[in-house]
Student: 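Quick one: this structure, given as structure tokens, is what I'll be asking you about.
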There are 2 protein chains.
Amino acid sequence: MDYRPEDILPSISTDNIIFGLDNRKLKVLLIRRNIEPFLGNWALPGGFVLYNEDLDMSARRTLQNMTGMSNVYMEQVYTFGAVNRFPDRRVVTVAYYALINYTLDNLKAGPDASDINWFDILELPDLVFDHQHILETTLEFLRAKVRTEPIGFELLPQKFTLTELQGLYEAVLGTVFDTRNFRKKILKMNLLMPLDETQVGVAHRAARLYSFNKETYHKLKDKGFTFEL
Amino acid sequence: MDYRPEDILPSISTDNIIFGLDNRKLKVLLIRRNIEPFLGNWALPGGFVLYNEDLDMSARRTLQNMTGMSNVYMEQVYTFGAVNRFPDRRVVTVAYYALINYTLDNLKAGPDASDINWFDILELPDLVFDHQHILETTLEFLRAKVRTEPIGFELLPQKFTLTELQGLYEAVLGTVFDTRNFRKKILKMNLLMPLDETQVGVAHRAARLYSFNKETYHKLKDKGFTFEL
DNA sequence: GCAAAAGTGTTCGTTCTACACCCATGC
DNA sequence: GCATGGGTGTAGAACGAACACTTTTGC
């Protein structure tokens, strides 16, 4: 999709840091640019804000183009506006991160990209502009947020095991939790609904499945409860 | 000071939420606009970003113009970019808050303002545009931040009493602390240097003065310590 | 001597940490 | 029957919450 120049705010862009969880590894979605500047290099997906869309909408539009997903957890992180962050002219970019249920399907490189791929956050390629810095800042932000709001669930399928949940937090935070203590703590919060279902097709004792109960969370939150891991 | 149109980014502004502490009340600095739109109404101080300055610089420039202060704690909060937040054309604004040592001196209304004043955050006038919303968002941000980073000290003079410190947290967070527990907790962190000085000219037992030791904090932080109130 | 705020300890309950073994399943 | 991860309890330490009286100073 192309846009007419007069519909675009040329000095404001949004960039997306799209996180997914793949086998206990935190990954981020990057595109390979097929336009100048830095044609052929890896970058965060993003684009210019349109005159008639909110900032949030702009970020969602990029995400939708890239993944086909629309009902996704997304949040603004920070705005990067150093004078020379973009070559030749002044562009200020607003960074948003998204937490999605990892998939290899539906990925479309979009008009400005020749390739799209998931990268382990511990094995990133070189990135264009200040995108490395943006990514690091966002990771710090995510690590702080994930410990005080129950957003990690957005990275998991609706039904998950406690071990998967623990693995998620270990991947995001880069730490190790004691299994018994982790389970006690998370179950005591009463945010997880134990299901009458277990894993299937695993070569060991099948784990019970749980789902996160958002309504319960909001009720508890209104009463002063705070999620804290 | 006036700027040439070609030096200005017309779609990007910064707005400042400047906090000060006056007698155990948290106050915010507002200006009365003497330009259209909304001439005569109260607003957050701010202005358009210049082509050759970083976002942070833009916010600092406004603060300096308003208060004459330059070495001030300042931090970006959030960027507000709804399509219709500004009348007639598209302006995205980046909000910064500042914590300053409250003063009535040096306040200058600046070129776009006919008046400047401190307002108790509990008794705010109506504000232009989405400034009410910006202020509320910033207050929430500040309340979260002040509990996990030792930034509250920026609102106090260099030498302060523990009672003043407690009053600061009570004003910002809108809560009451138990004096004994508060003192125990804050002193146990070893971030405060007790001085060989006490208050003078008070009609009661003079309190000991303390100062916050920033270097100690950074050393402890590097070792994994986190400030938590 | 009185008003006003400074300063100080203990008890009890809760939470955090560390730690090891049996269970269920698929192959 | 063995490999793989699932699932569980307890003891000791640290921390948080509640609570009241004496001290110092200026007037």
Side-chain angles (χ1 to χ4, degrees), chain A residues 21-25 147-148 150 156-157 159-171 173 175-211 220 223-229, chain B residues 21-25 146-148 150 156-157 159-171 173-211 220 223-229:
Chain A
L21 193 72
D22 171 26
N23 190 29
R24 300 196 196 179
K25 296 210 160 97
R147 296 198 302 115
T148 57
L156 294 176
K159 300 171 180 184
F160 51 84
T161 68
L162 293 182
T163 304
E164 285 167 349
L165 187 62
Q166 183 178 342
L168 143 66
Y169 280 103
E170 293 179 342
L173 298 173
T175 55
V176 175
F177 288 89
D178 178 272
T179 304
R180 276 179 285 195
N181 294 339
F182 179 85
R183 284 167 178 248
K184 253 179 291 172
K185 195 162 182 181
I186 202 98
L187 288 175
K188 179 123 62 82
M189 296 183 191
N190 282 315
L191 297 175
L192 298 188
M193 299 235 338
L195 304 176
D196 286 335
E197 278 180 79
T198 54
Q199 283 178 310
V200 291
V202 288
H204 54 77
R205 175 171 175 182
R208 162 167 248 124
L209 294 174
Y210 291 81
S211 72
L220 286 174
K223 289 184 194 151
F225 166 83
T226 53
F227 183 87
E228 190 84 55
L229 216 96
Chain B
L21 192 72
D22 171 27
N23 188 30
R24 301 200 195 175
K25 297 212 160 96
V146 92
R147 295 198 303 116
T148 57
L156 294 178
K159 300 172 181 181
F160 51 84
T161 70
L162 293 181
T163 304
E164 284 167 349
L165 187 62
Q166 184 179 341
L168 142 66
Y169 281 103
E170 292 180 341
L173 298 172
T175 55
V176 174
F177 288 90
D178 177 273
T179 305
R180 275 178 286 193
N181 293 339
F182 179 84
R183 284 166 178 248
K184 253 180 292 173
K185 194 162 181 181
I186 203 96
L187 288 175
K188 178 123 64 81
M189 296 181 189
N190 282 315
L191 297 174
L192 298 187
M193 298 235 340
L195 304 177
D196 285 336
E197 276 179 80
T198 54
Q199 282 179 310
V200 290
V202 288
H204 54 77
R205 175 169 174 182
R208 161 166 249 127
L209 294 173
Y210 290 82
S211 72
L220 286 173
K223 288 182 194 149
F225 166 83
T226 54
F227 183 88
E228 189 84 53
L229 214 96

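Throughout, protein chains are lettered first and strands after them, A, B, ... in sequence-line order, and every chain is numbered starting at 1. Remember, predicted model here, so these are calculated numbers, not experimental data.
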Student: If you define the side chain from C-beta out and look only at heavy atoms, does anything of B/V146 sit under 4.5 Å from B/F227?
Tutor: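 Not touching, per the 4.5 Å side-chain cut-off.
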Student: Categorize A/T161 for me: base, sugar-phosphate, or nothing, with a 4.0 angstrom heavy-atom threshold over every strand shown.
Tutor: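 Contact class for A/T161: none.
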Student: Could you list by number each residue of residues 186-193 of chain A showing a heavy-atom separation from DNA chain D of less than 4.0 Å, or answer none if no residue does?
Tutor: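 Those residues: none at all.
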Student: Working to the nearest 0.5 Å, report the span between CG of B/N190 and CZ of B/F225.
Tutor: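 Reported to 0.5 Å precision, the distance equals 8.5 Å.
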Student: Calculate, to the nearest 0.5 Å, the distance between atoms CD and NZ belonging to A/Q166 and A/K185 respectively.
Tutor: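 Separation between the atoms: 12.5 Å.
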Student: Decide yes or no for B/I186 and B/L229: does some side-chain heavy atom of the first lie under 4.5 Å from some side-chain heavy atom of the second?
Tutor: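 B/I186 reaches B/L229 side chain to side chain.
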Student: Quick one: the side chain of A/K185 and the base of C/dT14, do they pair up donor-acceptor inside 3.5 Å?
Tutor: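 Answer is no: no donor-acceptor pair is held.
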Student: What is the distance, to the nearest angstrom, from the CG atom on B/L165 to the P atom on C/dG7?
Tutor: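 Whole-Å distance recorded here is 13 Å.
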Student: Tell me which nucleotide among C/dA20, C/dG7, D/dC19 gets nearest to the side chain of A/R180.
Tutor: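 For the A/R180 side chain, the nearest candidate turns out to be C/dA20.
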Student: Looking across every strand, which nucleic acid part, if any, lies under 4.0 Å from B/R183 by heavy atom: base, sugar-phosphate, or nothing?
Tutor: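 Contact class for B/R183: base.
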Student: In whole angstrom, what separates A/D178's CG from D/dT10's P?
Tutor: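 Checked: the CG to P distance equals 16 Å.
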Student: Do B/T226 and B/T148 come within less than 4.5 Å of each other through their side chains, counting heavy atoms only?
Tutor: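 They are not in contact (no side-chain heavy atoms under 4.5 Å apart), so the answer is no.
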Student: Between B/T163 and C/dA6, is there a side-chain N or O to OP1/OP2 distance below 4.0 Å?
Tutor: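 Indeed, a polar side-chain atom of B/T163 lies that close.
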Student: In whole Å, what is the span from the CZ atom of B/F160 to the P atom of C/dA5?
Tutor: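 That distance rounds to 20 Å.
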Student: Which whole-number value in Å describes the distance from B/K184 NZ to D/dC15 P?
Tutor: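 Whole-Å distance recorded here is 12 Å.
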Student: Figure out the OH/P separation between B/Y210 and C/dA6, and round it to whole Å.
Tutor: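 It is 12 Å, rounded to the nearest whole Å.
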Student: Tell me: CZ of B/F177 to P of D/dC19, nearest whole Å?
Tutor: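 Distance check: B/F177 CZ to D/dC19 P gives 17 Å.
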Student: If you pin A/Q199 and A/N181 to their nearest nucleotides in DNA chain D, which one's is more 5'?
Tutor: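 Result: A/Q199.
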Student: To the nearest 0.5 Å, what is the distance between CZ (A/R24) and CD (A/E164)?
Tutor: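 If I round to the nearest 0.5 Å, the distance is 8.0 Å.
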Student: So how far is it from B/Y210 OH to B/L187 CG, rounded to the nearest 0.5 Å?
Tutor: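 That separation rounds to 5.0 Å.
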Student: Would you indicate whether the side-chain heavy atoms of B/R183 and B/D178 approach each other to under 4.5 Å?
Tutor: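 Side chain of B/D178 against side chain of B/R183, heavy atoms only: no contact under 4.5 Å found.
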Student: Pairs under 3.5 angstrom, nitrogen or oxygen only, protein versus nucleotides 22-26 of chain D, please.
Tutor:
{"from": "D/dT23", "atom 1": "O2", "to": "B/R205", "atom 2": "NH1", "distance (Å)": "3.1"}
{"from": "D/dT24", "atom 1": "O2", "to": "B/R205", "atom 2": "N", "distance (Å)": "3.1"}

Student: Distance check needed: D/dG16 C1' versus B/F182 CZ, whole Å only.
Tutor: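 Rounding to the nearest Å, CZ of B/F182 and C1' of D/dG16 are 15 Å apart.
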Student: In terms of the angle between their ring planes, are A/Y169 and A/F177 parallel, tilted or perpendicular, with boundaries placed at 30° and 60°?
Tutor: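 Correct class here is perpendicular.
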